[in-house]
Every structure is written in C-alpha cells, then in structure tokens.
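Whatever order the structure lists them in is the order used to number ligands and atoms, beginning at 1. Numbers here simply count residues along the sequence, with the first being 1.
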Amino acid sequence: MNLRKVSAAAACALALSVTAAACGSDDDGGDSGDGGGKDKITIGIKFDQPGLGLKEPDGSYSGFDVDVATYVAKELGYAEDQIEWKEAISADRETMLERGDVDMIAATYSITDEREQKVDFAGPYLLAHQDLLIRADDDITKGEDLNGKTLCSVTGSTSAQNVKDTIAPKAQLAERPGYSECLDAVAGGSIDALTTDDSILAGYAAQEANKGKFKLAGLNLSNENYGVGVKKGDEKMKTDIDAALEKMVSDGSWEKFMDANLGPANYDFEPAPKIGELK
Ligand code: GLU
C-alpha cells in the first residue's frame, strides 16, 4: 500500500459519515504487483505504423513498439489487460507527457536535446536511420537526386525538422499530421517521397496493399535513437524502464520482437543499442 492509499484509508476510517462503498474502491485502487498502486497504465503508441505501432481493424494493437511497451509494463507490474493504449501522433507526444495523459510513450520517439527540455527518455531501445520511400519506378540514390523534389513528412517529427535543417532548400517539405496522409500523397503522385525512419518505411513498403508500389531509397540521412518517453523528472519511472529494457535485450525478447514485427518487412536492423548510449 502506498502513502496516498494509507492516508485515504485513514481518512475513511475517521470520516464515519462516508459510506463503506466510497471507501472501498476508486479508479486507481487495487494494487497490482509493483504497479505503483494503480490498476492500469496508459501508454502512447502510433496507430498507423505497420510493424511498429498499428491499430488493427479488430481493435487490437501490433508492432515492435507495442511488444516493447507490453514487456516494459509487465516488468512494472501491469498485465496486458491493465494497459490502456492511446494514439500519440508525432506532434502531440511532449504535450501528452507534460499533461499526464499517458504514463509513457513508445512511439518511434527519437531522443533529442530539444525534446529532453520537456520530457525524459529511458533507453534507447532501437537505432533507426532517416530514409526515403519512393515509388517503385522512381530513382533517388544520392543527395543530389533530391534537387527540386517535394518530400512529405509528419509535423513534429525529427524527419520534418531534418528536411528543414539540412536538406532544404534543395528539396521542398510538405508536412502532414500523420504518416498515412504522406503515403497516400506519394502513391497518388502529388508528392515525390515520404521521408522518415527506415524502420517505419520498411513496414509501409511491406504491407500487402503496397506490395510492388514503393521502395526505400537507401539513404542514411540521420541516426534516430528510439527512447521511451516519460514525464520530466520521473526518475523512478525512467530507471525502472531502463532496467526492463536491459532485461528485454538480455533474455532474447528484443531480437524475438524485431524478427516477428520487422522481419517480414526485410528490415535490415542495427543491433540492440546499449542503454544510455546514443549514436
Ligand atoms: N523517429 C522520428 C521522430 O521521433 C520520426 C518518426 C516519428 O515521427 O515518430 O520524430
């Protein structure tokens, strides 16, 4: 029983006019393992990234980030049915953590200095690289091929920021709120390429409906170190998640999750990063 509960119980014992029912339970009552006394954990993921974070038509969730988050939650004392998943689109992630809408975010969330002003990160747990997804019959093989092209990326992502900082003015940036909007624009021919992490792009290219339509250009435009975002200053949460991530790698789960989720996309992934080491 944590301190808050002890004092709540004491208050109930004293306040004789309060009914037994009011003292019996509350939303986050019911200690579950080491779950900090709450009966659920709220986790932000992507809903539109096959192989990483995807909401399936039947309402279930799949992907590497989902498996990582489920593993971490279990280590923190929460069973799968105690997880509440929330969509965390790229531009909303810091705000969601700051407001306390979610307890943690595992959503292809790159650790950056700018984001660390607002949130803390456990990890990293994956190293990806920014690349381009282009139509199968197009060719972009080197930096100069970007001249005059329009690249789609998502607002609030490092990918969009990298286009602004390093690729523009060679190429134009078209921003969209989500990845599926970019994909539709590339498929429809109004935009030349979708640029973001190769892990995400591999998942899109491998989707049944996209087979033969797209390919990855193979440009390594950046290092993206994925971390699990937590509220700024929540040292305990960060340390506990780091320990869970370390265990996930050492017991073979990391490799298993990668193979299961990104193996079918032929994603040539980097080895598991070391906790606390950014590349
Ligand atoms: N990993 C990059 C980022 O955190 C791009 C993917 C995303 O938007 O989630 O911004």
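Pairs engaging residues 177-206 under the ring pair (Phe, Tyr, Trp, His ring centres under 6.0 Å) rule: none recorded [sequence neighbours left out].
Taking OH of Y226 as the start and OG of S199 as the end, the distance is 3.0 Å to the nearest 0.5 Å.
Residue K46 places a heavy atom under 4.0 Å from ligand 1.
No donor-acceptor pair closer than 3.5 Å links the side chain of D197 to the backbone N or O of Q130. In terms of modelled atom types and a separation under 3.5 Å, the side chain of D192 and the main chain of T150 share a donor-acceptor contact. Side chain of Q82 to main chain of A79: a donor-acceptor pair is present (N/O by atom type, distance under 3.5 Å, no hydrogens or angles).
In this structure, a donor-acceptor pair under 3.5 Å is present between the side chains of Y71 and D251.
Atom 1 (N) of ligand 1 has D197 OD2, 2.6 Å as its closest protein atom, hydrogens excluded (heavy atom only). Atom 4 (O) of ligand 1 has as its closest protein heavy atom R115 NH1, 2.8 Å. For atom 10 (O) of ligand 1, the closest heavy atom belonging to the protein is T158 N, 2.7 Å.
Salt bridge annotation for R93-E98: absent, with no cationic side-chain nitrogen under 4.0 angstrom from a carboxylate oxygen. A salt bridge does not link K238 with D234: every distance from a Lys NZ or Arg NE/NH1/NH2 to an Asp or Glu carboxylate oxygen is 4.0 Å or more.
Of all atoms in ligand 1, numbered sequentially from 1 with element shown, those under 4.0 Å from a heavy atom of T196 are 5 (C), 6 (C). The S159 neighbourhood of ligand 1 comprises atoms 5 (C), with distances under 4.0 Å to a heavy atom of that residue. Near S90, the atoms of ligand 1 lying under 4.0 angstrom from a non-hydrogen atom of the residue are 7 (C), 8 (O), 9 (O). Numbered from 1 in the order shown, with element, the atoms of ligand 1 that lie under 4.0 Å from a heavy atom of R93 read 3 (C), 4 (O), 7 (C), 8 (O), 9 (O), 10 (O). Atom numbering of ligand 1 starts at 1 in the shown order; those under 4.0 Å from a heavy atom of I200 are 6 (C). Within ligand 1, counting atoms from 1 as listed, the ones closer than 4.0 Å to a heavy atom of A107 are 9 (O). Under a 4.0 Å criterion applied to the non-hydrogen atoms of T108, ligand 1 contributes the atoms 1 (N), 2 (C), 3 (C), 4 (O), 6 (C), 7 (C), 9 (O).
Closest to atom 8 (O) of ligand 1 by heavy atom, among Y179, Y109, Y226, is Y179.
At a heavy-atom distance under 4.0 Å, no atom of A128 approaches ligand 1.
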Q) Is there a side chain to side chain donor-acceptor pair (under 3.5 Å) between S90 and S157 once you walk through the steps? A) CA-CA 6 Å; S90 298; S157 68; 5.5 Å; no
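For a threshold of 3.5 Å applied to N or O pairs, the pair formed by S110 and ligand 1 contains at least one separation below that value. Not a single N or O atom of S157, backbone or side chain, sits closer than 3.5 Å to an N or O atom of ligand 1.
The hydrophobic cluster containing Y78 does not contain I105, counting ILVMFWY residues as joined when their side-chain heavy atoms lie under 4.5 angstrom apart, directly or transitively.
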